[in-house]
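Down below is the structure, laid out as structure tokens.
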Amino acid sequence: MGHYKSNLRDIEFNLFEVFGRQHILGTGPYAEIDQDTARSILAEVERLATSELADSLLDSDRNPPVYDPATRSVRMPAAFRASYQAYMDAEWWRLDLPEDLGGTVAPPSLRWAVAELVLGSNPAVHMFACGPSFAHVIHRLGTPEQRAVARHIVERRWGATMVLTEPDAGSDVGAGRTKARPQPDGTWHIEGVKRFITSAEHDMAENIVHLVLARPEGAGPGTKGLSLFIVPKFHFDWATGELGERNGVYTTNLEHKMGLKASTTCELTFGDREPAVGWLVGDVHDGIAQMFKVIEFARMLVGTKAIATLSTGYLNALDYAKTRVQGPDLTRMTDKTAPRVTITHHPEVRRSLMMQKAYAEGMRALLLYTATVQDEIALAEATGEPGAGYDLAVRLNDLLLPIVKGFGSEKSYELLGAQTLQTFGGSGYLQDYPIEQYIRDSKIDTLYEGTTAIQGMDLFFRKIVRDRGQALTKLMTDIQEFAKGDEGNGALRVERELLGKALEDVQGIVATMVSALTASAKDVTAIYQVGQNTTRLLLACGDLVTGWLLLRQAVVATAALDAGAAGRDRAFYTGKVAAARFFAREALPLISAHRAVAEIVDNSLMEVPEDAF
């Protein structure tokens, strides 16, 4: 058996029993994919994920890609190449493409469900295979001539990258110094060094197309002065896609990382040997707005990867706990003759396992709920009827993305290290089990595409304050209506009350932060109090939404149990109700402590001398 343990039953439960995706399938833009077809797609991807894709995860960690400084090239491990080839040959990546690029049009909810299976089994495969998704961006934003690049990426299976970060700029993208010099023929020469570029060099595609943020000569400072350029590894014939001479962009270093070693993280140098020729995307200088189309996709991907890793980690721990015999039952702990029991009989192990289950399944619901909001956006755009509901859906998606990425990655890493590994005891610290690699591979999720702190600042300053609270009000109203509801014949009355209290606490944190922000108009240092609470707000919002979605699942599960669900279904639905109740009682009350801390935050921390740290 491979390392990867999927949870297809829970994915389908979310899609079809909780979020009702069958009602948008088989009609309109999704006429070719009905519910049965969607289930078949998921089953086939799961088979691929648990076999060919999962096969190389451990090997490619022990035998990572090798960089040759003489040729500035990378040789990928053979086992990983086989996994990547299997995925590309299966062509499920076509679900990410529009019909006129050879895609099979599917709603975002189904696409992200498929992505979870791939990212959980071997995340680097999905990362290297992002070329088609980048092609979609070029197809949407590029000139008619540049759409040829998108077609070549798809038809010739080229790789693609997003190129933002620079050694001295880090997360401050607007501090980037990479230059773009205009040429008489309409092209641009790119000069500079970029760092931490995922999939920037490998030997699994004949060409790699880089989407590069650079500052044109004479452009202003900050992010507004940046433009987006298409810079291929090899020049090519725009009509046929046939490769020409090498372009002047080279990988000059391959990072040696803590984990996720199969994914090549590169330093890219532009223009040091020969000109690195690029083309301005769309022939317009709107780089940061254009790149955000990629960034938003990447942040959703990171959250999905993190949540998928927690899920397989929990399921591996559960299997181990069911077979690991150690100690007597606690009720007979002083009886030397008592039989030894599996550790699932011990209260603390059960508590830990249920915490893992609740977060893994609750954050999957968060991910797929966000994807259903994206469904609304995609349907409105496909039908050409983007009304008021469309605008609110866009705002709600914007609000949820930092929660999916920031909260999803932070809680997944925390639980993998503090709970999943602990279930295995000392055995989990060994490479005999995949957990130690899961922990190393997942740590990056809290760091790239914006650290957790950056996600928290984005959530408050951009997605709440700049939005004037419109999306937040929509989300809070939906949660409040559920908390006051009575579906389930009162079986979840206590849990609904706990959800209502958690909602009040989150609203209290927001009110405290808004008050400090308002005060900063007179005393600018009050903004520090806001900054100390942004991550706290992010995590509190994540717990609140997760609790709400778990309880929504419990309502559906309770109805199924009342209707006579039997066998495996009965066990599944019973677990759903148990996880929701556990989370409401164990996790939601802790938001009160977050609120209490937020309300007493002052600026004494900011007054501590630097040399006192």
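Just so you know, residue 1 is the first one in the sequence shown, and it goes up from there.
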Legend entry - Side chains of Lys357 and Phe582 in contact at under 4.5 Å (non-hydrogen atoms): no
Inset, instruction - Using a 4.5 Å cut-off on heavy atoms from C-beta on, say whether the side chain of Leu517 contacts that of Phe460. - result: yes
Legend entry - Crowding at CD, Glu487 (>12 non-hydrogen neighbours, <6.0 Å): no
Inset, instruction - Spell out, as yes or no, whether a donor-acceptor pair under 3.5 Å connects the side chain of Thr383 to the backbone of Leu379. - result: yes
Inset, instruction - With side-chain contact (heavy atoms from CB on, under 4.5 Å) as the test, would you mind laying out the steps for Leu399 and Leu396 before giving the verdict? - result: CA-CA 5 Å; Leu399 176 76; Leu396 183 58; 4.2 Å; yes
Legend entry - Test item: Arg581 side-chain N/O and Leu551 main-chain N/O as donor-acceptor pair under 3.5 Å: no
Inset, instruction - Please check if any side-chain donor atom of Tyr438 sits under 3.5 Å from a side-chain acceptor atom of Thr312, or the reverse. - result: yes
Inset, instruction - Would you check if there is a donor-acceptor pair between the side chains of Thr372 and Glu376 at a distance under 3.5 Å? - result: no
Legend entry - Donor-acceptor pair between Glu410 and Thr446 side chains, under 3.5 angstrom: no
Inset, instruction - Could you grab the distance from atom CG of Leu400 to atom OG1 of Thr370, nearest 0.5 Å is fine? - result: 4.0 Å
Inset, instruction - Can you measure from OG1 (Thr534) to CG (Leu459) and round to the nearest 0.5 angstrom? - result: 9.0 Å
Legend entry - Under-4.0 Å salt bridge between Asp398 and Lys463: no
Inset, instruction - Using a strict cut-off of less than 4.0 Å between a Lys/Arg side-chain nitrogen and an Asp/Glu carboxylate oxygen, indicate whether Asp486 and Arg493 qualify as a salt bridge. - result: no
Inset, instruction - State whether a side-chain donor-acceptor pair under 3.5 Å links Glu381 with Tyr390. - result: yes
Inset, instruction - Mark yes or no for whether Glu361, through its side chain, and Ala579, through its backbone, hold a donor-acceptor pair below 3.5 Å. - result: no
Legend entry - Short side-chain donor-acceptor distance under 3.5 Å, Gln437 and Asp441: yes
Legend entry - Cationic tip of Arg462 above Phe292 ring, under 6.0 Å, 45° of axis: yes
Legend entry - Test: Arg9 cationic atom under 6.0 Å from Phe572 six-membered ring centre, within 45° of axis: yes
Legend entry - Thr223 side, atom OG1; Arg215 side, atom CZ - distance, nearest 0.5 Å: 8.5 Å
Inset, instruction - Give a yes or no answer on whether the side chain of Asn397 reaches the backbone of Val373 with a donor-acceptor pair at less than 3.5 Å. - result: no
Inset, instruction - Spell out, as yes or no, whether a donor-acceptor pair under 3.5 Å connects the side chain of Asn14 to the backbone of Asp10. - result: yes
Inset, instruction - Before accepting this row, confirm whether a basic side-chain N of the pair Arg595/Glu504 lies closer than 4.0 Å to the acidic partner's carboxylate O. - result: no
Legend entry - Pairwise distance NE2(His126) to OG(Ser121) - rounded to 0.5 angstrom: 10.0 Å
Legend entry - Residues Arg364 and Ser311: side-chain donor-acceptor under 3.5 angstrom: yes
Inset, instruction - For Arg552 and Leu550, indicate whether the former's side chain and the latter's backbone hold a donor-acceptor pair under 3.5 Å. - result: no
Legend entry - Between CG on residue Leu539 and CD on residue Gln455, distance to nearest 0.5 Å: 11.5 Å
Legend entry - Within 6.0 angstrom of Lys179 NZ, more than 12 heavy atoms from elsewhere: no
Legend entry - Lys194 bridged to Glu267 by N-O distance under 4.0 Å: no
Inset, instruction - Check the surroundings of atom NZ in Lys293: do more than 12 heavy atoms from other residues, nucleotides or ligands lie under 6.0 Å from it? - result: no
Legend entry - Side-chain touch Leu537/Asn533, heavy atoms, less than 4.5 angstrom: no
Inset, instruction - Look only at the side chain of Arg177 and the backbone of Gly192, and say whether a donor-acceptor pair between them is shorter than 3.5 Å. - result: no
Legend entry - Distance-only polar pair, side chains of Thr178 and Glu166, donor-acceptor under 3.5 Å: yes
Inset, instruction - Please check if atom CE in Met457 has more than 12 non-hydrogen atoms from other residues, nucleotides or ligands closer than 6.0 Å. - result: no
Inset, instruction - Using a cut-off of 6.0 Å, state whether more than 12 heavy atoms not belonging to Gln532 lie near its atom CD. - result: yes
Inset, instruction - Could you check if a side-chain atom of Val555 sits within less than 4.5 angstrom of a side-chain atom of Thr558, using non-hydrogen atoms only? - result: no
Legend entry - Salt-bridge present (Glu116, Lys305; N to O < 4.0 Å): no
Legend entry - Any side-chain heavy-atom pair of Leu213 and Val163 under 4.5 Å: no
Inset, instruction - Please assess Arg440 against Glu436 for the test salt bridge (Lys or Arg N to Asp or Glu O under 4.0 Å), listing each intermediate value before the final yes or no. - result: CA-CA 6 Å; Arg440 290 186 290 106; Glu436 66 86 26; 3.0 Å; yes
Legend entry - Crowding at OH, Tyr528 (>12 non-hydrogen neighbours, <6.0 Å): no
Legend entry - Heavy-atom check, side chain of Leu228 versus side chain of His285, under 4.5 Å: no
Inset, instruction - Using atom types as modelled and distance alone, determine if a side-chain donor or acceptor of Asn603 lies under 3.5 Å from a backbone N or O of Thr525. - result: yes
Legend entry - Salt bridge flag under 4.0 Å for residues Glu296 and Arg299: no
Inset, instruction - Report yes or no: is the cationic atom of Arg466 (NZ for Lys, CZ for Arg) under 6.0 Å from the centre of the six-membered ring of Phe461, at an angle within 45° of the ring normal? - result: no
Legend entry - salt bridge (Lys or Arg N to Asp or Glu O under 4.0 Å) evaluation trace for Arg351 with Glu586: CA-CA 10 Å; Arg351 183 206 63 78; Glu586 291 271 337; 5.2 Å; no
Legend entry - Rounded distance [0.5 Å steps], NE2 in His594 versus SG in Cys541: 10.5 Å
Inset, instruction - Compute whether any side-chain donor of one residue and acceptor of the other, for Gln553 and Tyr573, lie under 3.5 angstrom apart. - result: no
Legend entry - Test of ring centre spacing under 6.0 Å for Tyr359 and Phe583: yes
Legend entry - Residue pair Gln374 / Met300, side-chain heavy-atom distance below 4.5 Å: yes
